[in-house]
Every structure is written in structure tokens, then in C-alpha cells.
Amino acid sequence: METKIFQQDQIDEAVKLLAAGKLVAFPTETVYGLGAIATNEKAVKSVYAAKGRPSDNPLIVTVSDEAMVSDYAKEIPERAQKLMKHFWPGPLTILLFVKPNALPKAVTGGLDTVAFRCPDDKLTHDLISKLGYPIVGPSANTSTKPSPTTAQHVYHDLNGKIAGIIDGGPTRVGLESTIIDLSVETSVVLRPGEITPQELSEVLGEKVLINSGQVEDQGVPKAPGMKYRHYAPSEPVIIVDDTSDFAKIEFNEHTGVAALDSVLVGLNVPEQNKFSLGKNLVDADHNLFGALRYFDDKQSIDQIYVQGFSGSEATLAYMNRLNKAAAENHFHVK
Ligand code: TXA
Ligand code: MG
């Protein structure tokens with residue numbers, strides 16, 4: 001199969017492919033998603049095949065607006081309405097009870113909930129509203145690899161396996177959406193993202209729990225995807241939490257290092273083994289997956305050191321992804 005690249009004036013062609021049950025990757029403000037019409041079981045199943053994704057890991061349902069949710073959610077509680085009004089379109093995914101038989105089982109993995117997301121991206125908004133149905137939207141990477149933040153990343157992983165990719169340029173945020181579970185009594189953040197638990201709690205006017213590591217709740221899976229190895233290059237990743245430790249690492253031609261410019265400038269490392277995460281945490285969010293992919297593709301690299309951040313709630317999303325990529329491996333002076 002030839003994978004076509006669509007520019008922004010070619011959305012209609014992409015709509016036709018989706019309507020015919022084909023797979024088309026689409027841009028969002030977080031990462032690129034892999035789209036298939038959510039009401040077609042066969043199309044949805046082929047998403048799992050293209051990604052190599054375990055079949056018990058449910059898919060996000062991507063909508064063009066709030067109104068589309070009511071066709072697929074059992075109900076839209078007041079808490080959900082508040083969050084949609086405030087944060088949509090935007091990088092927040094909301095877990096609600098699914099309307100019975102409204103979606104194929106392959107979408108929800110047989111759970112009684114479904115994750116809704118309304119991305120802040122004009123191309124994707126037009127794509128879904130022209131299609132008239134929601135599209136599933138897992139990140140458009142091969143399962144276990146870092147999520148794609150450019151159309152080129154998607155092409156690298158899925159060329160030949162999907163019908164098309166809509167090129168919307170590099171994504172703004174660079175890390176996936178915050179997921180909040182509203183199917184429970186007290187709202188819980190299952191995956192941290194750009195929108196922080198504190199911001200959610202302020203808008204809801206109530207407590208929001210954080211449980212990004214939670215995989216099971218009394219035997220019921222919560223964000224099943226969180227249990228899998230993720231975001232991982234084939235080489236080991238080591239987190240450097242304290243910037244003063246960079247001076248203690250013995251770099252050689254096989255070590256890669258990803259850090260802020262302010263850290264890289266002082267390091268005696270060949271240029272091609274450095275990857276700049278930018279100037280601050282927002283830049284680092286934007287660049288992390290690109291950095292992991294850069295070193296993953298470099299044959300000569302067999303160890304990757306990546307700068308860690310600590311302190312505010314704003315570091316939760318970055319550290320969540322980095323800890324998974326590194327399997328919690330942090331640098332310690334021997
Ligand atoms: O920013 C994003 O959310 C991106 C863009 C493309 O929209 N999408 C994304 O999808 O990150 P994915 O499939 O890579 O991650 C979705 C996570 C998975 O960990 C999955 O297990 C969880 O959401 N999830 C989906 N439906 C769920 C449900 N009904 N209950 C619990 N977790 C669910
Ligand atoms: Mg993913």
C-alpha cells in the first residue's frame with residue numbers, strides 16, 4: 001500500500017478514505033493520531049494491526065465538538081459539561097460511560113467507559129465534521145515507540161501500512177493529552193498532560209485525584225495503555241535529575257545526551273550526539289519524543305542520557321513519559 005501525504009487543501013480526499021474504512025493519520029495539538037471511522041468495527045480493528053497494539057488497550061474517540069459526544073456517551077454529567085466548555089477544543093480527554101451498543105467493542109476494549117477527545121486543530125476539526133462521525137485516535141506510532149510529533153515520524157513508523165497522513169506541521173504541545181476519568185465519584189487524572197490537575201480542580205470547583213500510575217482498580221483496568229512499555233527507543237535511557245551530575249558522566253562516542261541548551265553548552269560531547277530540548281520545560285515537552293526518536297535511529301548510540309525536571313505540577317507529564325521511556329532508570333554516581 002502506498003501511503004499518501006495530504007496537504008491542508010486535500011482534506012476531502014482524506015474524508016473519502018476514512019468513510020471507506022481506511023486509515024488516515026491526522027494532526028492534533030498534542031501528537032499525531034491514527035484515524036479510522038469509529039463506527040466501523042473492521043476499520044477500528046485494522047488500527048490495532050497497523051500499530052501492533054494489544055487488543056485490550058482501548059482507543060480514544062476523537063470528536064469535532066461537544067454535540068457529537070451525546071450520540072456515544074450514556075450521559076454528559078455536569079462535571080463533563082464544565083470541562084468541555086472550558087478546555088475544548090484542547091488537550092483534555094474525558095472518560096465517560098459509553099452508550100450501550102453505540103460503538104464497536106474494539107473501540108472500548110469491552111469496558112463500559114469511553115475516552116472522548118476534541119483536539120484543537122482546524123484540519124482535524126474539518127476532517128471529522130465533514131465525515132460526520134467520530135474517528136478513533138490513538139497516537140500514530142508503532143506500539144512501544146515514542147508518539148509522533150511530525151508527519152515524518154508517522155511516515156517513518158507506518159509507511160505502507162496506512163492509506164494516508166495529513167501533514168499539519170509539527171505539533172504544538174508534543175506530549176499526549178491529559179486524561180481525566182469522570183466515571184468515578186471523585187475525578188481522577190489517569191494520564192498527566194499540559195492541562196494540570198490543579199487547573200482541572202479549579203474549573204470543577206472540587207478535588208481531583210492524580211493516579212497516573214494506576215493500572216487496575218479492583219481488577220478493572222484503568223487506562224490500560226499505562227501498563228505497557230512505552231515511548232522507548234531500543235537503547236537504554238538514563239534520567240539525569242540533577243544538572244550538576246552531567247559533569248560526572250563519562251560520555252563517549254556511543255552516548256547520546258538530550259538536555260536544555262544551558263546544560264549542553266558546557267558538555268564535551270560531539271555535536272551529533274547532542275539533542276537540544278530547547279530553553280525551558282515547555283520546549284522540553286515539545287522536543288522529548290523527537291529526541292528519543294533521533295537517538296533511536298542512530299546506529300552508533302547505545303545509551304541515551306536525558307535531563308529530568310522536578311518541582312511543579314507542570315513537570316508531571318514530561319516525567320511520566322520519560323520515566324516510561326527509561327523504565328524508571330535514574331543516574332546515580334557510583
Ligand atoms: O493526545 C492524545 O490523547 C493523543 C492524540 C492523538 O489525540 N492520543 C493518544 O491515544 O494518546 P493513545 O491511544 O496513544 O493513548 C490513549 C490512552 C491509552 O493509555 C488507553 O489505554 C487509554 O487512553 N484509554 C482509552 N480509552 C479508555 C477507557 N475507556 N478507559 C480507560 N483508559 C482508556
Ligand atoms: Mg499512544
Side-chain angles (χ1 to χ4, degrees), residues 24-36 38 44 47-48 50-63 72-74 87-98 103 105-121 124-125 127-128 134-149 153-154 157-158 165-166 168 171-184 188-195 211-217 220-232 285 289 317 320-321 324-325:
V24 177
F26 58 93
T28 81
E29 77 282 44
T30 58
V31 301
Y32 275 73
L34 181 53
V44 172
V47 168
Y48 287 91
K51 279 180 61 73
R53 179 173 173 119
S55 61
D56 66 342
N57 189 1
L59 304 177
I60 287 177
V61 168
T62 318
V63 296
Y72 306 95
K74 199 169 172 193
F87 294 107
W88 279 12
L92 178 68
T93 297
I94 302 177
L95 227 75
L96 300 173
F97 286 109
V98 67
L103 289 164
K105 241 191 166 167
V107 174
T108 58
L111 299 176
D112 58 358
T113 55
V114 58
F116 291 101
R117 160 125 162 83
C118 179
D120 185 14
D121 186 283
T124 293
H125 172 272
L127 179 79
I128 299 169
I135 56 178
V136 293
S139 50
N141 52 287
T142 298
S143 199
T144 79
K145 289 295 171 193
S147 296
T149 55
H153 293 163
V154 180
D157 283 15
L158 299 177
I165 303 170
I166 301 171
T171 62
R172 179 181 65 81
V173 180
L175 302 176
E176 305 89 338
S177 61
T178 305
I179 302 180
I180 188 167
D181 185 358
L182 297 186
S183 72
V184 286
V188 189
V189 170
L190 298 178
R191 181 175 71 183
E194 184 182 54
I195 296 170
N211 207 341
S212 53
Q214 179 182 10
V215 169
E216 300 224 343
D217 178 17
V220 180
K222 286 287 174 191
M226 304 300 282
K227 75 184 174 202
Y228 296 107
R229 187 179 142 89
H230 244 106
Y231 315 119
D285 286 354
F289 288 151
N320 171 270
R321 307 314 188 274
K324 281 186 198 300

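For this chain, numbers begin at 1 and follow the sequence in order. Start at 1 and go down the list; that is how both ligands and their atoms are numbered.
Which parts of ligand 1 touch Ser177 is read off a 4.0 Å heavy-atom cut-off, strictly below it: atoms 1 (O), 2 (C), 3 (O). Residue contact check: Pro138 has heavy atoms under 4.0 Å from atoms 10 (O), 12 (P), 13 (O) of ligand 1. Ligand-side atoms of ligand 1 in range of Asn57: 18 (C), 20 (C), 21 (O), range being under 4.0 angstrom from any heavy atom. In summary, the atoms of ligand 1 found under 4.0 Å from a heavy atom of Gly137, numbered by their order in the structure, are 6 (C), 7 (O), 8 (N), 9 (C), 10 (O). Contact atoms of ligand 1 toward Gly33: 6 (C) (distance under 4.0 Å to a heavy atom of the residue). Contact atoms of ligand 1 toward Ile60: 3 (O), 8 (N), 9 (C), 10 (O), 16 (C) (distance under 4.0 Å to a heavy atom of the residue). Below 4.0 Å from some heavy atom of Ser139 lie the following atoms of ligand 1, by number and element: 8 (N), 9 (C), 10 (O), 12 (P), 14 (O). Annotation for ligand 1: atoms under 4.0 Å from non-hydrogen atoms of Ala115 are 25 (C), 26 (N).
The shortest side-chain heavy-atom distance between Pro119 and Pro89 does not fall under the 4.5 Å cut-off. With contacts defined as side-chain heavy-atom distances shorter than 4.5 Å, the pair Pro27/Thr124 qualifies. The closest side-chain heavy-atom distance from Pro138 to Lys51 is below 4.5 Å. Glu29 has its side chain out of reach of Glu194: every pair of non-hydrogen atoms, C-beta onward, lies at least 4.5 Å apart. Put simply, the side chain of Arg117 reaches to within 4.5 Å of the side chain of Thr30, judged on heavy atoms. Taking the side chain as every heavy atom from C-beta outward, Leu127 and Ile166 approach each other to under 4.5 Å. Between Thr93 and Thr178 there is no side-chain heavy-atom pair separated by less than 4.5 Å. Taking 4.5 Å as the limit, every side-chain heavy atom of Leu190 sits out of range of all side-chain heavy atoms of Ile180.
Residue contacts with ligand 1 do not include Pro119, since none of its heavy atoms lies under 4.0 Å from the ligand. Using a 4.0 angstrom heavy-atom cutoff, Thr108 does not count as in contact with ligand 1. Within the structure, the closest approach of Tyr32 to ligand 1 falls below 4.0 Å when heavy atoms are considered.
Of the N or O atoms in Thr113, one or more lie within a sub-3.5 Å distance of an N or O in ligand 1. Below 3.5 Å of separation, one finds no N or O of Thr28 facing any N or O of ligand 1. In terms of N/O distances under 3.5 Å, ligand 1 is not approached by Glu176. For ligand 1, the polar-atom distance check against Leu190 finds no nitrogen or oxygen pair separated by under 3.5 Å. Checked against a 3.5 angstrom limit, the closest N/O atoms of Arg117 and ligand 1 fall inside it.
Only the side chain of Leu111 comes within contact range of ligand 1, with a heavy atom under 4.0 Å; no backbone atom does. Of all the heavy atoms of Ile179, the ones lying under 4.0 Å from any atom of ligand 1 belong exclusively to the side chain. Under 4.0 Å from ligand 1, not a single heavy atom of Glu194 appears. For Val114, every heavy-atom contact with ligand 1 shorter than 4.0 Å involves the backbone, none the side chain.
Side-chain N or O atoms of Arg321 include none that pairs as donor or acceptor with a backbone N or O of Asp285 at under 3.5 Å. No donor-acceptor pair closer than 3.5 Å links the side chain of Thr149 to the backbone N or O of Gly174.
In the model, Ser177 has a side-chain atom that pairs as donor or acceptor with a side-chain atom of Arg191 under 3.5 Å. For the residue pair Arg53/Thr142, the side-chain donor-acceptor check at 3.5 Å is not satisfied.
Just one residue in the list Val136, Ile135, Thr28 forms a side chain to side chain contact (heavy atoms under 4.5 Å, CB included) with Thr62, and that residue is Ile135.
Because the distance cut-off is set at 2.8 Å, Ser147 fails to qualify as a neighbour of the Mg ion (ligand 2), as none of its N, O or S atoms comes that close.
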